[in-house]
Protein chains: 4
Amino acid sequence: MAKKTGEKYDAIINAAVKVIARHGYHQAQVSKIAREANVADGTIYLYFENKEDILISLFAEKMGQFVTVAEQTINEQTTVEEKLRTLIYMHFYQLAKDPDLAVVTQLELRQSDPALRQKINEILKHYLQLIDKLIQLGVKEGAFSPDIDPLLARYMIFGTLDESVTNWLLKERKYDLLSNVEPILRLLLHGLKSA
Amino acid sequence: MAKKTGEKYDAIINAAVKVIARHGYHQAQVSKIAREANVADGTIYLYFENKEDILISLFAEKMGQFVTVAEQTINEQTTVEEKLRTLIYMHFYQLAKDPDLAVVTQLELRQSDPALRQKINEILKHYLQLIDKLIQLGVKEGAFSPDIDPLLARYMIFGTLDESVTNWLLKERKYDLLSNVEPILRLLLHGLKSA
Amino acid sequence: MAKKTGEKYDAIINAAVKVIARHGYHQAQVSKIAREANVADGTIYLYFENKEDILISLFAEKMGQFVTVAEQTINEQTTVEEKLRTLIYMHFYQLAKDPDLAVVTQLELRQSDPALRQKINEILKHYLQLIDKLIQLGVKEGAFSPDIDPLLARYMIFGTLDESVTNWLLKERKYDLLSNVEPILRLLLHGLKSA
Amino acid sequence: MAKKTGEKYDAIINAAVKVIARHGYHQAQVSKIAREANVADGTIYLYFENKEDILISLFAEKMGQFVTVAEQTINEQTTVEEKLRTLIYMHFYQLAKDPDLAVVTQLELRQSDPALRQKINEILKHYLQLIDKLIQLGVKEGAFSPDIDPLLARYMIFGTLDESVTNWLLKERKYDLLSNVEPILRLLLHGLKSA
DNA sequence: AATGAATGAGCATTCATTCAT
DNA sequence: TATGAATGAATGCTCATTCAT
């Protein structure tokens with residue numbers, strides 16, 4: 001029923017990002033999003049099933065683009081190390097270049113209902129699979145230790161990146177997130193231990 | 001005004017944990033918590049300023065115990081490696097032994113308002129400082145590389161543990177979280193790289 | 001402004017009957033009627049002033065046919081008793097042969113606004129006048145008692161028929177409505193009293 | 001959950017009757033009823049599950065009283081004819097003495113959803129059974145013809161009374177409804193036929 | 001100290017109608 | 001004639017907090 005394309009579809013999603021980033025998840029009323037998108041309240045429902053659908057679509061669209069671009073760029077790299085560097089870089093770059101989106105996906109959307117969280121996790125899976133493939137390749141090619149548990153390795157990579165971005169946001173983006181790419185790459189590759 | 005001690009104070013906090021774990025953050029009404037604690041709705045407000053205060057107090061009480069016990073046990077260890085192992089163990093152990101609390105702090109409380117999140121972060125700081133001290137010691141004693149950025153190292157440690165616990169919960173605690181202590185210790189110490 | 005004739009005019013009215021019978025008065029949106037009639041929403045407003053006008057026109061058209069046919073058939077009868085039998089028969093027959101229309105006029109349209117009810121009553125008046133003329137004739141010819149109050153007699157006739165049809169519909173048309181013609185004729189003529 | 005007794009329970013029901021009678025079914029918002037009852041909107045929901053529950057309770061309470069009083073008074077009569085006279089009288093009297101209630105039950109509540117109609121019909125059943133028992137008795141005692149179909153007889157009695165009250169209301173109560181008791185009794189007993 | 005009845009602000013969604021094409 | 005995308009007003013219900021008892 002809801003026509004999920006078109007100029008206004010995009011306008012509404014971008015308005016939602018803006019409103020949520022500016023006013024917070026719990027103050028992002030449909031009417032506020034509509035006003036920001038320069039459409040009537042009712043127009044929202046020509047493009048989205050309901051409010052939750054706006055948020056899911058928002059996440060799906062943005063995360064979809066994210067994963068697509070990240071995957072392409074990673075595939076262009078030859079060595080596993082280079083691929084991991086690219087993953088970290090893309091992860092940080094995509095969020096650093098759109099701070100509103102960063103706030104929305106990293107902080108605000110995490111306040112949502114379990115039902116919405118569930119759907120967001122479904123979308124996030126594609127990104128996690130990207131990491132899983134990278135780990136698999138690293139082990140296969142001998143770049144990563146065969147002893148590592150691939151799932152735990154993924155927890156470490158994603159957990160580290162996620163925690164880094166969250167803290168960067170909580171510290172109000174006072175430093176350049178991208179400057180962390182190399183040190184975090186080293187940490188993930190070599191761990192804490194001194195040589 | 002609010003008398004933050006007494007039998008009923010504890011009863012209300014424990015009731016809150018139970019209710020939130022069972023019904024979720026957004027279905028944890030004050031009246032439900034009061035009923036679970038066997039007190040009248042109004043009585044809640046003799047012990048807590050408002051609903052947010054219940055949640056903050058809950059987190060403060062439980063996290064306070066957590067940090068105290070963790071710190072003590074870590075201090076009993078001699079080597080840095082042993083201390084890190086203990087940190088991971090305590091982190092996992094404390095949440096594994098009280099699944100209701102784990103669900104509340106790890107999943108449900110993260111749906112709360114930014115204002116509450118802020119205060120929770122304040123409380124969390126004590127735990128993060130525990131990690132920071134450990135890293136500092138590791139570098140000082142030569143166990144950890146002098147090149148690591150201490151803050152990023154903390155992001156890695158906390159992010160990895162946090163992501164591990166969250167996934168364990170989302171997978172409905174189908175495996176033994178404690179079996180992950182050693183592999184995660186190895187990951188954090190040596191990273192992904194093959195020897 | 002509204003052009004109240006033409007192929008589409010009829011199509012929209014018949015679509016309205018179908019949609020209301022199938023989905024109920026409160027679920028009979030203009031867009032649903034338009035879809036059923038294979039026209040665009042906006043086209044409706046080329047033939048009808050507004051939604052209420054569809055319903056009034058529906059009732060007027062169908063009731064108009066009803067009264068015309070009933071009047072003709074009654075006029076063909078010679079005795080007053082035969083005329084009353086025919087009235088009952090036509091009333092039941094017309095509704096029994098078109099169950100959708102029966103549901104719409106007998107049940108669904110009664111949920112409408114007082115404003116609409118008022119206009120429906122105006123249309124219904126032609127039918128009630130038919131009954132009134134019958135009573136008048138009966139009294140004049142000596143078939144009916146000169147003591148009866150003509151208005152109350154009409155209430156009895158119409159009320160009995162109406163209640164009969166409504167109950168037949170509420171009992172999901174599980175019996176033959178026409179089998180009630182004779183017993184109801186006897187009731188109306190002789191009342192409850194034993195001979 | 002809803003506490004269906006008490007001073008405010010009655011106040012809300014009476015306020016609902018007043019508001020619906022004055023403004024019509026579709027303009028009887030919960031907030032309007034609350035204001036009329038001198039309680040807060042939220043208080044409504046301490047006594048009723050939801051808006052529909054107000055209307056059902058209204059009908060149940062008033063109809064319950066109606067049936068109880070009618071039944072008692074009818075039982076005090078000895079002959080069947082006297083009982084029928086009493087039924088008609090009580091039916092008219094109860095509605096004539098409370099015109100607001102008459103408008104609500106006779107006109108406004110009939111605009112309600114099928115779901116609500118259904119529940120109203122359940123309540124109405126008790127009244128219809130009262131009529132059924134009267135007919136049964138009449139036939140058994142020989143006062144009514146053994147040839148009448150008891151169900152159709154009920155349709156006639158109720159249909160006639162209902163149609164009479166409705167028309168009296170639509171004619172804005174310009175005449176005394178009770179003056180119709182005797183003529184309608186005669187109609188129901190002897191029918192239209194001249195002696 | 002404890003109670004619990006009462007309060008009232010706040011918001012997603014539907015759908016009849018319009019009008020530019 | 002015909003279309004259908006866009007409009008925007010209107011409302012039932014929840015629940016944290018208070019305060020008279």
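Since we're looking at a predicted model, the values are computed, not measured. Residue numbering restarts at 1 for every chain, and letters A, B, ... go by the order of the sequence lines.
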Colleague: With a 4.5 Å cut-off on side-chain heavy atoms, are C:Gln106 and C:Arg110 touching?
Modeller: yes

Colleague: 5'-most contact on DNA chain E: C:Gln27 or D:Val39, nearest heavy atom basis?
Modeller: D:Val39

Colleague: For D:Ile12 and E:dA5, give me the distance from atom CD1 to atom P, rounded to whole Å.
Modeller: 14 Å

Colleague: For E:dT21, what is the paired nucleotide under Watson-Crick or G-U wobble rules, both distances under 3.5 Å?
Modeller: F:dA2

Colleague: In whole angstrom, what separates C:Ile33's CD1 from E:dT17's P?
Modeller: 11 Å

Colleague: Start at the 5' end of DNA chain F and walk down; is the nucleotide closest to D:His26 or to B:Glu52 reached first?
Modeller: D:His26

Colleague: Is C:Lys8 touching bases, backbone alone, or none of the nucleic acid, heavy atoms closer than 4.0 Å?
Modeller: sugar-phosphate

Colleague: Provide, to the nearest angstrom, the distance between the OH atom belonging to A:Tyr9 and the C1' atom belonging to F:dA5.
Modeller: 18 Å

Colleague: Using 4.0 Å as the upper bound for N to carboxylate O, is an ion pair formed by A:Lys119 and A:Glu122?
Modeller: no

Colleague: Just call it for A:Val30: base, sugar-phosphate, or nothing, with non-hydrogen atoms closer than 4.0 Å on any strand.
Modeller: base

Colleague: Looking only at side-chain N and O atoms, does B:Ser31 come under 4.0 Å of OP1 or OP2 in F:dC15?
Modeller: no

Colleague: What is the distance, rounded to the nearest whole Å, between atom CG of C:Asp53 and atom C1' of E:dT17?
Modeller: 14 Å

Colleague: Report the nucleotide, chosen from E:dT13, F:dA16, F:dT7, that has the shortest atom-to-atom distance to any side-chain atom of B:Lys51.
Modeller: F:dA16

Colleague: Quick one: label D:Tyr47 by what it contacts on the DNA or RNA (base, sugar-phosphate, nothing), any heavy atom closer than 4.0 Å.
Modeller: sugar-phosphate

Colleague: Between atom CD in B:Gln29 and atom P in F:dT17, what is the gap in whole Å?
Modeller: 13 Å

Colleague: Are side-chain N/O atoms of A:Ser57 and A:Lys4 paired as donor and acceptor at under 3.5 Å?
Modeller: yes

Colleague: Just by distance, do the side chain of D:Lys51 and the backbone of D:Val30 share a donor-acceptor pair under 3.5 Å?
Modeller: no

Colleague: Using 30° and 60° as the class limits, which term best fits the ring planes of A:Tyr9 and A:Phe48: parallel, tilted or perpendicular?
Modeller: parallel

Colleague: Whole angstrom is fine here: how far is it from CD in B:Glu7 over to C1' in E:dA2?
Modeller: 14 Å

Colleague: Send over the distance from D:Ile44 CD1 to F:dG12 P, rounded to a whole Å.
Modeller: 10 Å

Colleague: When the distance from OH of D:Tyr45 to P of F:dT11 is rounded to whole Å, what number comes out?
Modeller: 13 Å

Colleague: Would you mind pulling out the nucleotide paired to F:dT11, Watson-Crick or G-U wobble, both distances under 3.5 Å?
Modeller: E:dA12

Colleague: Hey, which of these two, B:Ala28 or C:Asp41, hits DNA chain F nearer its 5' end, going by closest nucleotide?
Modeller: C:Asp41

Colleague: Starting the side chain at C-beta, find the nucleotide from F:dT7, E:dT3, F:dA2 nearest to B:Ala40.
Modeller: E:dT3

